[in-house]
Amino acid sequence: VHGRLNYRRMCKFILYSFWKNAVLTLLLFYYTFLSGFSGTSMFDGYVWTSFNVILFFPIIATGVFDRDVEDHHALRYPKLYENGRLGLDLNMVKMTEMLLSSLVHSLIIFGVMWYAFDTMDTMHANDYYGFGTSVFTWLIVAMNYRIVFITTTINWVFVASVLVSFGTLTVFLAIYCRAQWLSPWMYNVDIHMVQNPLFWIGLLAVPGLAIMVDSFKAWLLLEFLPDRKGLVLERVSLDDQYLCAPPPPPPAPPDDTATAEHANSAAGTSSGSAAEGSPAARSSSRPAASPKALQALQALRQPLAVLRSSFTFDHPDSGARRMSFVRHARAGDTSLVDILQPAATPQPPVVDVEAAGGTRKATSRKPSSGEFSQQAMPHFQNVLTWRRILGLALATGVLLLLLGILVKVKSNEVVQFSVQYDGKYRQPTGTSDSELFYQDCPIGNSCVFSVTVPEDMAPPIAVLYEVTPFYQNYYSYQTSVVFAQLTGDAVDESQVAKVCISKPSRETPSGDAIFPCGLVATSVFNDTIEFASEVDFSDDDPRMTWDSDYDRFQNPPDYPTQPSNASWLYERYPAVTDVARGVKSRHFVDWMFPSFFGYVRNPYGVIDSPLKKGQQLMIRINASFPVASLDAEKRFLLSTRNGLGGRHALLGFLLIFGSGVCFVLAIAVVAINKWCPRPAGKPRFRQLAHGFTSDWEPPQPGP
């Protein structure tokens, strides 16, 4: 039984290991389309390299303790051993199924990520490091959910391993997000992440949508293509008396005389009988070999050492026992091994050295009889039945429905409108015609116009700017920044030249040193927006940035006098900051944290006075940020806030759609089991019993 168990555990270990890495790889592949094909990873380098370390523990517990059927059930149903011999648990079909599953799960994570991101800007959680860490956490939850779903035996070791996995992630982020010397951009990201309500909604939505897919697939396989293991588990789980029945007694040994004569003739001995204690006599208790096995043995006529090989066993007469898609006639004949296997050599007795006058005791080779060593700990068998799948579908459907309603209701509370003033006219997704105004304002112009407020807007009203497309996550752009300059620390010129590779990003045409240097710091958004005097508007409000980020930005000790040949930020971008603030401008701080997606939408200010429906709002826009070469669009967005951020209707629709699929699955399960149920423990289509032979018929339970 141990060989069969270890084969199935090993296959499950291999498939899961490939599956989780395929999901990660697919997510990284999708992100290349959102980062300008620049090779930027979706996650911070240290974060995503911890992936396999965090997920190491649960799959090890599964590989050691998972047990699909009990030992006496495996012995009672010998054809359960076909899995390993026919390669049913690890083959091209299983690998293809694994890749398709990884594709679906990666799309689920990507879909939640896509629809959740659209409102992260109002919660200051849309930067590459913060939102990327949120998605990574969702990924870890989805991977651990999956290992729970595919594990049959749930014991305390497995539960502890899953908790250790989550604990490892928590401890890693707690340490890494404080170690500024490793990655200053990750400082306090974990705290910002858990303060965002949408993070927790995604944390529930990702495994919920994954359960929807996995339960639907599991039900289809269980109902129409069950494997033999599933049939056995189904049979014993529905009959408590049979489940607790003791294993059947071993068969009676064959007649000694007949067996001995048969063994002697098979070995080619010429003597009438073997001497007492000879190998032939010791092998007399073995079952008789079949005529075809004896014929194969005579035909091979090779030394016994050569015959004792897996190739000889698998090819008894130059014909394979297992062929592709065809069952060989002798696929279950193991009698050849009984002849080829040498008689067991008796082991010398264990001597008590101390009793014989020595000073040491011989150690026993007997394994421990404890529950842990014998893998007999109390456990729960996670057997998928139609009732369990029905409960899983209903519970998941209710969860997704509640989350979808919550997101949809909160989204409907948000009032917003946008003013596009550059680029080709485009209506953003989720925006009605009355919420979009277009007024062309070329570069270098100051444009004044009025817009009509579509609905009553209660303060605080967030004012944001958007540039799309604009790939702040482009690798060479994102990495072109010296963080030590932002904190006011001295930096060697060689380090500046190494990071700020482009010379125009570190020197002006006149030879002055740009401070701070880099592509990010030399391309700051510098358009401005102004409102009429009756509007209480602030463009330097503390609610625009995280205090932990703003406090770390510092000017050099001798700013702004030394160095004398420096080109300071306020000289290049007077609309963004002034000499007093320097790098401590909230607009600049927000800009320096790159956006996760291929567009920028950052806070610009806050309005603390109400706006009434139909009110004519006078706006002045000073256009200075060029986007014509990028074929990009520029707009300002005014939006109210709720507990979840801004408007996110599409995320609500996704969750409600997922709940609908779960309820349809539940209805289908009930309908099929009511009007055309499958007999417990038997396949619906015997010729399609998931790779097993058509002669499968579970024996009746013993008395």
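Every heavy atom of this structure was used, including side-chain atoms; hydrogens, water molecules and symmetry mates were not.
For Tyr46, the OH atom is loosely surrounded, since the number of other residues' heavy atoms within 6.0 Å does not exceed 12. Atom CZ of Phe653 has 12 or fewer heavy atoms from other residues, nucleotides or ligands within 6.0 Å. Atom CZ of Phe531 is surrounded by more than 12 heavy atoms from other residues, nucleotides or ligands within 6.0 Å. Within a 6.0 Å radius of OH in Tyr475, no more than 12 heavy atoms belonging to other residues, nucleotides or ligands are found. For CZ of Phe449, the number of neighbouring non-hydrogen atoms (other residues, nucleotides, ligands) closer than 6.0 Å is greater than 12. Counting heavy-atom neighbours within 6.0 Å of Glu493 CD, excluding the residue itself, gives a total of 12 or less. Remark: Asp631 CG is loosely packed, at most 12 non-hydrogen atoms of other residues, nucleotides or ligands lying under 6.0 Å away.
Taking both residues in full, the closest heavy atoms of Cys441 and Ala623 are given as O-CB, 3.7 Å, listed atom of the first, atom of the second, then distance. Contact between Gly132 and Phe596 at its shortest, heavy atoms only, is CA-CE1, 3.6 Å. When all heavy atoms are compared, the tightest approach of Met186 to Val47 is CE-CG2, 3.9 Å. The two atoms that bring Cys447 and Asp440 nearest to each other are SG-O, 4.2 Å, heavy atoms only. Considering every non-hydrogen atom in both Glu466 and Thr468, the closest pair reads OE2-CG2, 3.4 Å. Here the closest non-hydrogen pair linking His105 and Ala210 is CD2-CB, 3.7 Å.
Contact check on Arg586 versus Asp541 returns no salt bridge, with no Lys/Arg side-chain nitrogen under 4.0 Å from an Asp/Glu carboxylate oxygen. No salt bridge links Glu413 with Lys408; every basic N to acidic carboxylate O contact stays at or beyond 4.0 Å. The residues Asp540 and Lys584 are annotated as not salt-bridged, no charged nitrogen and carboxylate oxygen being separated by less than 4.0 angstrom.
Ring-centre distance between Tyr421 and Phe636: below the 6.0 Å cut-off. Side-chain rings of Phe593 and Tyr129 stay apart, their centers remaining 6.0 Å or farther from each other. Taking the six-membered ring for Trp and the full ring otherwise, the centers of Phe483 and Trp185 sit less than 6.0 Å from each other. Between Tyr604 and His587, the ring center distance clears the sub-6.0 Å criterion. Note: Phe37 and Phe33 meet the aromatic proximity criterion, with ring centroids under 6.0 Å apart. Centroid-to-centroid, the aromatic rings of Tyr31 and Trp114 stay 6.0 Å apart or farther.
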**Report entry** Arg620/Ser446 under side chain to side chain donor-acceptor pair (under 3.5 Å): CA gap, chis, key distance, verdict
**Finding:** CA-CA 7 Å; Arg620 178 191 295 273; Ser446 180; 3.1 Å; yes

Query raised in the report: When you look at Asp590 and Thr545, which way does the side chain to side chain donor-acceptor pair (under 3.5 Å) test go after all the steps?
Result: CA-CA 7 Å; Asp590 284 333; Thr545 57; 5.2 Å; no

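Both tests do not hold together for Lys634 against Phe625: distance to the six-membered ring centre under 6.0 Å, angle to the ring axis within 45°.
When atom types are taken as modelled, the side chain of Asn126 and the backbone of Arg601 share a donor-acceptor pair closer than 3.5 angstrom. No donor-acceptor distance shorter than 3.5 angstrom exists from the side chain of Arg635 to the backbone of Ser418, with no hydrogens or angles considered. Between the Tyr573 side chain and the Ser523 main chain, a donor and an acceptor come within less than 3.5 Å of each other.
Rounding to the nearest 0.5 Å places OG of Ser450 at 9.0 Å from CD of Gln439. Here CG of Asp512 is found 14.0 Å from CZ of Arg506. Values are rounded to the nearest 0.5 Å.
Using cut-offs of 30° and 60° on the angle between ring planes, the pair Tyr599 and Phe597 is tilted.
Side chains of Thr528 and Asn622: a donor-acceptor N/O pair is present below 3.5 angstrom, by distance only.
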